[in-house]
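Within every chain, numbering begins at 1; the chains are lettered A, B, ... in the order of the sequence lines, protein sequences first and strands thereafter.
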Amino acid sequence: GAGVSQSPRYKVAKRGQDVALRCDPISGHVSLFWYQQALGQGPEFLTYFQNEAQLDKSGLPSDRFFAERPEGSVSTLKIQRTQQEDSAVYLCASSLVYGNTEAFFGQGTRLTVV
Amino acid sequence: KQEVTQIPAALSVPEGENLVLNCSFTDSAIYNLQWFRQDPGKGLTSLLLIQSSQREQTSGRLNASLDKSSGRSTLYIAASQPGDSATYLCAVARETSGSRLTFGEGTQLTVNP
């Protein structure tokens, strides 16, 4: 596709439910990032992949958060046993090469935990 | 830990006015700085990227400057239009953290017709 695609665009989950958020990066982009954006705040880094390798997961807020990119293309962010504080917009970004921070962002997935 | 601050948090101006958005960061060891635009319910659109060795970048009515030693950047918007209404985010990448971006909280701009 022409840009970074995220699905679903909106997700409502009951507290305690598991959710999976998908990111399709721009074809050929090596680097992939996940960010979390709370209402009225700037995005905060969650994790980073270079191809299939997860090189930095220091931003994941708890062990309930898990991300994977098994074939170095599509990535999935999984949140287990969701809690209300997980409500946020989850943004995915990709860039062509490692070290090039001109990243292209998807439209995000808005997660609401009720 | 890198911290990025944007001032003001919100700004409302009449159409046609020139305006300046400010961004400051605490650690000057940056790889580059980017300005993004975010419309409600949308992702981020990159406006300008300034490498650490550069002083400014221009695109159309936008001009971004970088003073790395003082930890400051400004985004200048000339002849503002209602279509410029959005949230503007500043983000820096540290030299030692690869491509990871640290964002400010943004400036919410409203341009009134």
Side-chain angles (χ1 to χ4, degrees), chain A residues 1-10 21 23-26 29-51 53-60 88-110 112, chain B residues 1-10 21-25 29-54 57 59 64 66 73 75 86-108:
Chain A
V4 178
S5 177
Q6 292 187 247
S7 61
R9 289 290 315 280
Y10 304 93
L21 312 180
C23 172
D24 280 272
I26 294 173
H29 276 198
V30 169
S31 299
L32 186 145
F33 310 83
W34 284 98
Y35 292 86
Q36 179 190 59
Q37 186 175 25
L39 188 64
Q41 305 292 315
E44 294 208 357
F45 171 82
L46 292 176
T47 187
Y48 161 64
F49 289 86
Q50 183 181 347
N51 294 309
Q54 189 175 20
L55 298 186
D56 187 348
K57 56 181 181 179
S58 61
L60 296 176
V89 175
Y90 291 85
L91 294 164
C92 176
S94 70
S95 64
L96 184 58
V97 297
Y98 175 73
N100 178 349
T101 59
E102 189 159 12
F104 297 85
F105 280 78
Q107 292 197 335
T109 294
R110 180 177 296 278
T112 303
Chain B
K1 178 185 174 184
Q2 178 73 276
E3 292 183 4
V4 180
T5 304
Q6 291 188 244
I7 295 173
L21 307 181
N22 298 289
C23 172
S24 61
F25 46 95
I30 65 169
Y31 188 70
N32 61 41
L33 182 145
Q34 283 183 264
W35 282 93
F36 293 88
R37 168 185 174 140
Q38 186 172 34
D39 293 280
K42 300 287 181 66
L44 278 63
T45 301
S46 180
L47 298 173
L48 291 164
L49 183 151
I50 311 177
Q51 301 292 351
S52 61
S53 58
Q54 297 176 320
Q57 282 286 337
S59 176
L66 174 64
S73 176
L75 179 66
T87 296
Y88 290 80
L89 292 156
C90 166
V92 299
R94 283 190 63 192
E95 290 176 350
T96 56
S97 66
S99 303
R100 167 180 176 169
L101 294 174
T102 301
F103 285 84
E105 295 191 349
T107 294
Q108 186 173 1

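With respect to chain B, the highest number of heavy-atom pairs below 4.5 Å among A:Gln41, A:Gln6, A:Glu44, A:Arg9 belongs to A:Gln41. When each of A:Gly42, A:Pro43, A:Gly59 is scored by its heavy-atom pairs under 4.5 Å with chain B, the top score falls to A:Pro43.
Of the two parts of B:Gln38, only the side chain, counted from C-beta on, holds a non-hydrogen atom closer than 4.5 Å to a non-hydrogen atom of chain A. Of the two parts of A:Tyr35, only the side chain, counted from C-beta on, holds a non-hydrogen atom closer than 4.5 Å to a non-hydrogen atom of chain B. For B:Leu44, the parts sitting under 4.5 Å from any heavy atom of chain A are the backbone and the side chain alike.
By the 6.0 Å contact criterion, CD on B:Gln108 is open, its count of non-hydrogen atoms from other residues, nucleotides or ligands being 12 or less.
For A:Arg110, there are no salt bridge (charged side-chain N to carboxylate O under 4.0 Å, His left out) partners at least two apart in sequence or on another chain.
Residues B:Tyr31 and B:Val92 fail the side-chain proximity criterion, which asks for heavy atoms closer than 4.5 Å.
Outside the 6.0 Å centre-distance limit, the rings of A:Phe33 and A:Phe105 are not counted as a close aromatic pair.
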Check against side chain to side chain donor-acceptor pair (under 3.5 Å), B:Ser73 and B:Trp35 = CA-CA 9 Å; B:Ser73 176; B:Trp35 282 93; 3.1 Å; yes
